[in-house]
Amino acid sequence: MREYKVVVLGSGGVGKSALTVQFVTGTFIEKYDPTIEDFYRKEIEVDSSPSVLEILDTAGTEQFASMRDLYIKNGQGFILVYSLVNQQSFQDIKPMRDQIIRVKRYEKVPVILVGNKVDLESEREVSSSEGRALAEDWGCPFMETSAKSKTMVDELFAEIVRQMNYAAQPDKDDPCCSACNIQ
Amino acid sequence: MLRQNGGGNRRGLGFARFSTSNFFTISNSATWGMGRSTKSNSLSSISTNSDCYDSSVVDPEYIMQLVNDVRRFADVLLYLKEAFVSLENQDSLHHIVHERLGELLRVLKGVISKHQTLNSVDILGAAGTVIAKVKAVNFKNINEDNRREQFGEIFTSIDTLAFTFGNVVSDFLMGDVDNGSSLGLHVSRRSRSFENVSMEDCPGSIHEKDDLQGQLRAEEVDNLLLRNDSGVESALSYAKAWSKYTKDILAWVEKRLNVEAEAARNLAKMAETAKSIVGPQEFMPFQPIFTTAFQNDVECSQLWLQTITALQSNKFIQPLQARRSELDRQRKEMKELWQREQKKMQELETALRKAKLLNIQRQDEHEKAKSSTIRAEEEQLGVTGGLIKEGSKQLEKRRRLEEEALQKAEEAKEHYKSCVAEVEEKRMDMENVKSEVLTQIRELIYQCDLTLKAATVNLFQLQHAQVVSLPVNCQTLCENAKRYEPGQQYSEFVKNLPKDDIEVGSCEAAHAQIGRLMSKGEENNTHASDGNLSQGSAEYPGQSAEDIGSPLYNRSQKIGQKRSSSSTDIQAIRGPFRSWSTGNQSGGMCSDSESAGGSSESRSMDSPSASPGDFKRRLPRTPSTGTMSSADDLDEREPPSPSDNGLNDLVSEIANSPGPFRNTILSKASQTHKLRKLRAPSKCRECDSLVVFHGAECEECSLACHKKCLETLAIQCGHKKLHGRLHLFGVEFTQAAKNTPDGIPFIIKKCTSEIEGRALSIKGIYRVNGAKSRVEKLCQAFENGKDLVELSDLYAHDISNVLKLYLRQLPEPLIMFRLYNELIGLAKESQRAIDEVDSKANSPPLKRQPSGVELNRVVIKIRDLLKQLPPPNYNTLQFLVGHLHRVTEEVEENKMTASNLGIIFGPTLLRPRQTDATISLSSLVDYPYQARIVELLISYYDKIFDVSRQMINPVDKTEDREPQHIRKSQSLPTGNDNNMLSKRSSSLDEAALDFKGVEEREVRSQSMDIVEENENNLGESEERRDSSVGHVFASHGSDEQDCSMDTVSESDVAVGRSSSEDLSKTNISVPVKSYRQIPKVQLRAPRTKPVVRPVSLPVDRLLPPSVLNENSRNVGVTSSDKLGKSPIIEEVSENKPLPTINSCHRLSCYDSQSYRKPWDRQYKQYDITPRTAMIMTNVPQEIRAHDGGPTNLPSGTTCVSATLPKIPSTTQLKPIATDTNTAEPNLLSAYRAPRTLQPPPGTFYKPPPYKSKPSEETSQSDASSANLLKAQCQINNNNVNLIVDSDIATDLQGQGQNSQKVVPEDSSPQTDVKPTFPRLRPKRVQELEHREAHFV
């Protein structure tokens, strides 16, 4: 059974923990505590192959930005989360991807761009086209999720596993294509 | 018809020809429609070619043309008339009349559009009558009898028209036509009339004809296409094009709607925000107008959104899309059908061709057979004899063959014929199918057009509806805005102020007046002169006496002065010293104060020429910084809201602001500058790049800036030369601390005060990041402009981010490296304690006690440890944690609990000394502990920083201030002013409140001194002063004694200083001090109210003000005495070396546990004897000081143990033991007495029913005996209040009798405290370990 080390990144309060906990336990956490770092493990079946996800839920608050290198070093796949009701969080996500590439020294790191809080459609500040454009720019899949209403949460983690599978096969030129059709 | 057509041509007018040609190709009603459209064409051509009129008067050619046109018009008129008169073609009369009427109108229109000047109401009216009359005729009922009377009216109207026209033309030729009026009129009038024509025409008699014509036309279309070979193809391609076209339209509309929706949402959002910000600002000019505008915006955007949804759903997009898809579907179907038919046709044709060929072939064969038969016959004739038989045989054969061939040929012919027939049939079929298809397509297209038409009408109707209210609203607003007179609101505002004054009491009004005057005068004096108090007081008696003499006059003068405030001032100073006056105006906030004091000053100086020197002296004083307003503002009648500054700026700007940057949008801060054009290239303070062109420069502070940067400039004018760039971020803390007297860097004060002012309830404050670019800009602004940075425009998250950034970038964190390990150790200890609690969550509560003790012990240790910090660090930390504590008080809204903030400020406030640059995993492991420490700091803020005496809660402050006001208003004239101020201040935000309170107090204390010296009848103020002096002394004392740099005492000293020292100095320090004066407010609390809010007691449980007041009066001096001494007591315990504490701690813990049972037994006995309390209070001071342990007992078992090594417990307890009779139990009671006696502040409130608490306890515990329960209560008490300051204990021992009552009350704080324990996440430790193993 393959193990996948997934790191969830994003700026403060975008719902990284909520997404992770929703995926792992199927519940939505209401509390608003900043994470320092949490670690979860879950077995899922992706494309009929069982896999173990080791999810590192990281601190978004900038105080812990210095730890990000460490996370990135240890992670294999990255879920970059922004809150689509907060334009700033969308801006914050860009340097994180740069950092991933810098640390990994490799362009095609498995990454998914995620706009969270899609349930708050009325307060939306980042349009899906913006997100999609950025994802296209990065050549990575893009999703809009909601941890609260459990929209696309399982799909998200399944997709990151797929991404990592693609990345593991160097022959595959374009890891993006299969992912793109999910949207 | 042809004749008419010819007639139309004859007229030769291009325009007329155009419309006539239309007239005949299309239906009658179409003519009207065309007429309308051409009208608009002609109108536009008129507007563009308006110069034709100018030339017309002089140009004879033009007149000739006009005459021609008039003649034509006359012709048409006659023509129309003829139609009625002629007896022939009775049946077609209806048609003819209408056609001719149309002709007439067209010509008239042509004439009018060509000759603008003829366009008059009269002609149009007459024409309208004609139209109406003609239409009124019922053509069907016309016969010879009624013809005359029916047409008579029409003739009259035609004649009138002709007459009017003639009149107008002759008028024009005489030069009498009023051009202007007719021009303005004709457009609407005409269009209306024509609209009427068409509208009335359509449903009328012509309607049927119209339908008929439409049908006809449709058939025509079909026929045309039928005749065309590729008719179906073209029709289909048209349908396809239509579909594509609709798609494009739909795409556009959809995009447009999206954009609109977004815009509408944004607008609404913006309007809401602006409304919420602007709404509450009273007395602002145009405020109601803007509020209405916002409202309008909101409503409008709602309407927009509604419209958009309507358009998106059933009004435009959906029907059109449905129609389009249907069209596509049907089009395809028809195409297939057509193609099928065509294929069949082709097949038949080929079959026909084949049949034809076969036919020909067979015919040939038949011919051949025929000829061969003939030949055979001929041969037979020539041959004789025996060959005959053979020959006849052959002949037979030939004949047979011929017959067969004939048969075949005939068959082929038949076949051919049938094929031809089939093809013919098919062709007919094809024709039918074609026409069918064509009809279908046409119908389809008609339907589509209908839908499109409906949709388009909907679209534009809705768009019209959505904007129709806009112009009206805007117009209304515009009108309202025009009505406003500059300064109106300001005067309203000012008018409102004195009313409050008068309401206080008519007899007191004068007093208030005097008081205000004096306080102001005093303030003036202190500002203007060197602030020598005695000098000030010497100067003022005269004036105040004068004021008393004529209070009414004074008041009115005051009001007037207020109203004109800065402007009069400026006017007074303006003149030769223009630059100064402008400086004044840009000063904004300070100009106000100067207007009050300064104006009198300049008046007294006879000539303004004397003022410059004075001004120079005053200029550096203007301490207006950041969002805080200057002290002067506060003493003035304006609430120091930022908007106030804006208003002043506005007023002054209107008054005289010829500056070169009038048209530039100025940020709030840049309005404070006195700008002029930059002369030499310099560095922009805003964007940090070079300014060469379009630069602005402040004349006072020489701040240079790009013109465009003025919009965002955050640095205010300091009215003195702006210092150079400061290195702030990443610079040693001591360096920043040096610049302020209390060691708290200005940036921390500014940021926290701004956040407290408006952002405490923002969700995720300090957690959510700011925008990097803005944060960087703000950092730059702080480095460039120091404390002059204006923050009120900025996002709260940016500000909080800057604060965190600053703290994080300190080379050595605020909590220094050397404390790190010990603190982390303590955090681990506390963690363990919590774990214990967690693990024993289900065990009897008895066993849980130790962990609470443990926690308290940790807290005390933290407290002691922090005292090792250098004073600036300690002060700053206290300030910051106090702020964070206030943040947690709004947890309901901002969701930032202490643990949340701990996580964020953990790595911000403390971090290990890093030997190597890389972040080790150990630091990662430490994060939770760092967070834990900060969490403890925040949640035990009161205990750790000994703030129980200094009310940290702003609510306390107001409560504590209010009684003073009341008291003062009774005794001191100044009181009124202050009272009023405080009333008004209640509406202001918290920061302003704090600040004002401080300023008030400061000013009051100054003014009081003066009042005292002037009027000696104020005994109470004497007492107050005494107490304050006493307090100051006491704090001085504590200052000397207390090695741990007590902030309270320090700020007290500051008060003393500020009231006695020269004011120029005070003024300079005001901006910096004002924030740190928050504790200054608190420091007076003990004097007025020696009551302490317990650690976690809800604020609303505080004393009623009356009690406070009582208390403060009676206890004033003594309490300050006590307070003065408290540090000594504290000191005893504090000075213990740490190791001793540690070693002894367990002992004490053990002691308390082992003694519990006997003590429990004794408890009741003790309770009954309040004597102990008396004894305790009666114990001589030395003993108390000596026996720091026992007295300090309530502050924690640690303290007890701390003293143990010094004095053996037996000896220590002896004096008390001897006083109380029973030795053994008394040893215990004495040992514990203070604990139980120590009534928390609860002494003053009504305790709830005694029974209630134990019952609560029973729910938690298994304990059965009431005694035990009670004891437990006590223990709980102890645990909670262990750390309550010793001085309080001393203070309150006198009230020992109450202690029992209070006891149950006390457990409630405990329940309050409790929830913070489980916050810790022991899980995290495990997780971390796990992860460590995993990742490494």
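Protein chains get the first letters and strands the later ones, always in sequence-line order, with residue 1 at the start of each.
Take A:Ser89 and apply the side chain to side chain contact (heavy atoms under 4.5 Å, CB included) test, not counting sequence neighbours, and it matches A:Ser11, A:Val14, A:Tyr82, A:Ser83, A:Asn86.
Residue B:Lys269 comes nearest to A:Glu123 through the heavy atom pair NZ-O, 4.2 Å, listed as atom of the first residue, atom of the second, then distance. Contact between B:Asn769 and A:Gly60 at its shortest, heavy atoms only, is ND2-O, 4.2 Å. Nearest heavy-atom pair, B:Asn900 versus A:Pro34, reported as atom, atom and distance to 0.1 Å: OD1-CD, 2.7 Å.
At a 4.5 Å heavy-atom cutoff, the contact between B:Asn801 and chain A is made by backbone and side-chain atoms alike. For a residue to count as touching a neighbouring chain, one of its non-hydrogen atoms must lie under 4.5 Å from one of that chain's; by this rule A:Glu30 does not touch chain B. Of the atoms belonging to B:Lys763, heavy atoms from both backbone and side chain fall under 4.5 Å from chain A. Contact annotation for A:Gln88: only side-chain heavy atoms (C-beta onward) come within less than 4.5 Å of a heavy atom of chain B.
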**OP:** Kindly determine whether B:Arg767 and A:Tyr32 satisfy side chain to side chain contact (heavy atoms under 4.5 Å, CB included), including the steps that lead there.
**Re:** CA-CA 10 Å; B:Arg767 180 179 176 182; A:Tyr32 190 71; 3.7 Å; yes
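The distance from the CD atom of B:Glu262 to the CZ atom of A:Arg124 is 10.0 Å, given to the nearest 0.5 Å. Atom OH of B:Tyr927 sits about 14.0 Å away from atom OG1 of A:Thr35, to the nearest 0.5 Å.
Annotation: B:Tyr795, atom OH; neighbour count of heavy atoms from other residues, nucleotides and ligands within 6.0 Å does not exceed 12. Shown here is B:Glu892, whose CD atom has no more than 12 heavy atoms of other residues, nucleotides or ligands within 6.0 Å. No more than 12 heavy atoms of other residues, nucleotides or ligands lie within 6.0 Å of NZ in A:Lys73, so this atom counts as exposed by the packing criterion.
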